[in-house]
2 protein chains.
Amino acid sequence: MANYQATLDHVFHALADNTRRQVLERLARAPMTVSELARPFDMALPSFLQHLKVLEESGLIVTRKEGRVRTCEINASSLTPVEDWVSGQREVWSSRLDRLDALLMARASAEDSEEI
Amino acid sequence: MANYQATLDHVFHALADNTRRQVLERLARAPMTVSELARPFDMALPSFLQHLKVLEESGLIVTRKEGRVRTCEINASSLTPVEDWVSGQREVWSSRLDRLDALLMARASAEDSEEI
DNA sequence: TTGATAATTAGCCATATGGCTAAATAATGT
DNA sequence: ACATTATTTAGCCATATGGCTAATTATCAA
């Protein structure tokens, strides 16, 4: 893995498009050829190919060509950096919330004792 | 939440930039004003402000202005759609791998019995 | 060999993105 | 009132993105 930040850039960018997410969702069930994959989308093939290229360059899918047919497959391990970053952040963000909660609770009790 | 897909588009797009991820990482520790937040980045303030706007429009941060100072804070709940999508996919992707494993194992045993 | 099929390349177009400087606003401090 | 500080707006620029059509290439099938 050359550069973690660049990887995150590319993977997040690839995921920031509904067409591409739908491609991933379909590939999650089974590998598929380019034209099978493209069929449901209301888009010219060259436009669709650009999306596949983004997905492949991000590492989210891998493809191989046999004869004139290219088959695309999901690359499960490619989700890991994103999962790691997101869950890492989630942890810090919510611990911040916990501390905030604790602070507010402490203040509330302090006010309670001040009452009367 | 008006449109789940549009939300994912915006949040993933906001996360696809290291400057913006660093902003989030710093805000995860504590709320901060715009200029405090901007200080470590080698970038003109107006450029930096654009990043903050992207983060705010995606819902990842919230800001409020008091006097002439704008304070930024992380919005912990905004990570949920991303976590949901990613962990949902992870589940399907790896169950596909499991099935693939099973298939390969089955083939391997079949070949074993064929041997000799 | 000829035609159909699958994918790819080339090139065009509009809009978005990410950077900048210079100027404008809006509060605050003296 | 005046200067300082904290943003904000306006406008410029280069490159990237996401769409298209038309033309090419490569393979397969009759």
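Predicted, not measured: the structure shown is a model, and the values here were computed from it. Letters go in sequence order (proteins before strands), and every chain restarts at 1.
- Straight-line distance from the CZ atom of B:Phe48 to the C1' atom of C:dT17: 17 Å, rounded to whole Å.
- Considering every non-hydrogen atom in both A:Pro40 and A:Arg26, the closest pair reads CG-NH1, 3.1 Å.
- Contact between the side-chain N/O atoms of A:Arg70 and the OP1/OP2 oxygens of C:dT8 is found at a separation under 4.0 Å.
- When rounded to the nearest whole Å, the span between NE2 of A:His10 and P of D:dA16 equals 11 Å.
- Proximity of A:Lys65 to the phosphate of D:dA26: no side-chain N or O atom is located under 4.0 Å from OP1 or OP2.
- Close to D:dG19, at under 4.0 Å from its OP1 or OP2, lies a side-chain N or O of A:His51.
- No contact: B:Thr19 has no heavy atom under 4.0 Å from any strand.
- Taking the six-membered ring for Trp and thresholds of 30 and 60 degrees, A:Phe12 and A:Trp85 have ring planes more than 60 degrees apart, a perpendicular arrangement.
- In terms of position on DNA chain D, the residue among B:Gln50 and B:Thr33 whose nearest nucleotide sits closer to the 5' end is B:Thr33.
- Close to C:dG18, at under 4.0 Å from its OP1 or OP2, lies no side-chain N or O of B:Ser47.
- Side-chain proximity of A:Leu45 to the nucleotides C:dC20, C:dT17, C:dA7 is greatest for C:dA7.
- A:Glu36 places a side-chain N or O within 3.5 Å of a backbone atom of A:Thr33 that can act as its donor or acceptor partner.
- Closest-nucleotide positions on DNA chain C for B:Arg20 and A:Leu49 were compared, and the one nearer the 5' end corresponds to A:Leu49.
- Proximity note for B:Met43 (side chain, C-beta onward) versus D:dT17, C:dC20, C:dG18: the nearest is C:dC20.
- In this structure, the CG atom of A:Leu37 is 14 Å from the P atom of C:dA6, given to the nearest Å.
- Following rounding to the nearest Å, B:Leu52 (CG) and C:dG19 (P) show an atom-to-atom distance of 12 Å.
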After noting the C-alpha distance and the side-chain angles of A:Trp93 and B:Glu25, does the key distance pass the side-chain hydrogen bond (donor to acceptor under 3.5 Å, both in side chains) rule? CA-CA 9 Å; A:Trp93 296 19; B:Glu25 286 163 11; over 6 Å; no

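- Checking D:dA6, C:dG18, C:dT8 against the side-chain heavy atoms of B:Ser35 singles out D:dA6 as nearest.
- Nearest to the side-chain atoms of A:His13 among the listed nucleotides C:dT21, C:dA7, D:dG18 stands D:dG18.
- Atom C1' of nucleotide C:dA7 and atom CD of A:Glu56 are separated by 13 Å, given to the nearest angstrom.
- Between B:Arg64 and B:Glu73 a salt bridge is recorded (basic side-chain N to carboxylate O distance below 4.0 Å).
- Judged by distance alone, with hydrogens and angles left aside, B:Arg68 brings no side-chain donor or acceptor close enough to the base of D:dT7 to form a pair under 3.5 Å.
- Separating the NZ atom of A:Lys53 from the C1' atom of C:dA7 is a distance of 12 Å, rounded to the nearest angstrom.
- Atom-to-atom, CG of A:Asn18 to C1' of D:dG18 comes out at 14 Å; the value is rounded to the nearest Å.
- At whole-Å resolution of the value, CG in B:Leu55 and P in C:dT17 are 13 Å apart.
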